[in-house]
**Q** 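Input: one structure, supplied below.
Predicted, not measured: the structure shown is a model, and the values here were computed from it.
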Amino acid sequence: TMAKEQGAKLRGFFAETNTFFAKRSVADAQGWAKEAVSLVDAVTKSAASNDWTAAKDTAAKIQPLCASCHNAHRERLEDGSYRVKGL
């Protein structure tokens with residue numbers, strides 16, 4: 001299903017994010033990435049059982065994790081692009 005496919009993509013992105021920050025010993029970002037993986041897994045499971053209310057409610061918790069990490073570890077450059085702070 002589409003939810004399963006998108007869930008797998010998101011899970012991969014957050015796992016990659018966790019690895020990136022683990023190499024740099026950035027604990028808060030690792031925690032947010034790990035929590036996001038858990039939430040994506042829960043959304044995928046809820047969608048698979050057609051519990052769309054639970055899927056929607058859980059999915060709404062993911063974006064704030066992204067925002068927390070972006071606010072803490074991303075900086076905007078003059079050209080409008082972004083980079084990870086300190087790189």
Side-chain angles (χ1 to χ4, degrees):
T1 68
M2 184 180 287
K4 185 175 181 178
E5 291 171 11
Q6 294 303 311
K9 286 181 186 179
L10 283 173
R11 190 178 206 292
F13 294 145
F14 290 124
E16 186 178 320
T17 299
N18 181 46
T19 299
F20 176 88
F21 283 110
K23 290 179 182 177
R24 290 156 180 83
S25 299
V26 182
D28 61 350
Q30 287 177 263
W32 290 319
K34 288 177 184 177
E35 187 176 349
V37 167
S38 295
L39 291 170
V40 167
D41 289 345
V43 170
T44 303
K45 184 177 178 180
S46 294
S49 64
N50 290 318
D51 186 350
W52 298 107
T53 300
K56 180 182 172 186
D57 291 346
T58 304
K61 297 174 184 177
I62 296 171
Q63 193 281 329
L65 293 175
C66 298
S68 294
C69 191
H70 289 190
N71 289 336
H73 299 290
R74 183 177 76 160
E75 63 185 343
R76 187 178 178 127
L77 303 176
E78 287 184 23
D79 67 359
S81 64
Y82 293 90
R83 73 172 176 193
V84 176
K85 290 180 183 175
L87 292 185

**Q** Sequence neighbours left out, what passes side chain to side chain contact (heavy atoms under 4.5 Å, CB included) with A60? Give chain and number order.
**A**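 Listed in chain order: nothing, the list is empty.
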
**Q** Got a second to check how far Q30's CD is from S25's OG, nearest 0.5 Å?
**A**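 Answer rounded to 0.5 Å: 7.0 Å.
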
**Q** Donor-acceptor pairs under 3.5 angstrom involving side-chain atoms of residues 42-53: please list them, not counting sequence neighbours.
**A**
{"residue": "T44", "atom": "OG1", "partner": "V40", "partner atom": "O", "Å": "2.9"}
{"residue": "S46", "atom": "OG", "partner": "A42", "partner atom": "O", "Å": "3.1"}
{"residue": "S49", "atom": "OG", "partner": "K45", "partner atom": "O", "Å": "3.4"}
{"residue": "S49", "atom": "OG", "partner": "S46", "partner atom": "O", "Å": "3.1"}
{"residue": "D51", "atom": "OD1", "partner": "A54", "partner atom": "N", "Å": "3.2"}

**Q** Verify the cluster assignment for V26 and W32: are they in a single hydrophobic cluster under the rule of side-chain heavy atoms below 4.5 Å apart?
**A**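 Different hydrophobic clusters.
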
**Q** Report the residues that fulfil salt bridge (Lys or Arg N to Asp or Glu O under 4.0 Å) with E75, sequence neighbours left out, ordered by chain and then residue number.
**A**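 Expected list: R83.
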
**Q** Going by atom type alone, with no hydrogens or angles, which donor-acceptor pairs under 3.5 Å involve a side-chain atom of residues 8-19 and a protein atom two or more places apart or on another chain?
**A**
{"residue": "R11", "atom": "NE", "partner": "D41", "partner atom": "OD1", "Å": "2.8"}
{"residue": "R11", "atom": "NE", "partner": "D41", "partner atom": "OD2", "Å": "3.3"}
{"residue": "R11", "atom": "NH2", "partner": "D41", "partner atom": "OD2", "Å": "3.2"}
{"residue": "T17", "atom": "OG1", "partner": "F13", "partner atom": "O", "Å": "2.9"}
{"residue": "T19", "atom": "OG1", "partner": "A15", "partner atom": "O", "Å": "3.1"}

**Q** Which pairs pass ring-ring contact (aromatic ring centres under 6.0 Å, His included) with one or both residues in residues 61-83, sequence neighbours excluded?
**A**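 The answer is F21-H73.
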
**Q** For residues 21-38, which residue pairs qualify under salt bridge (Lys or Arg N to Asp or Glu O under 4.0 Å), counting only residues two or more places apart or in two chains?
**A**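 The answer is none; no pair qualifies.
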
**Q** Can you sort out the partners of D79 under side chain to side chain donor-acceptor pair (under 3.5 Å), two or more places apart, ordered by chain and number?
**A**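 Side chain to side chain donor-acceptor pair (under 3.5 Å) check on D79 returns S81.
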
**Q** Could you name each residue pair satisfying salt bridge (Lys or Arg N to Asp or Glu O under 4.0 Å) that touches residues 52-73, not counting sequence neighbours?
**A**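 For residues 52-73, and leaving out neighbouring residues, there are no salt bridge (Lys or Arg N to Asp or Glu O under 4.0 Å) pairs at all.
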
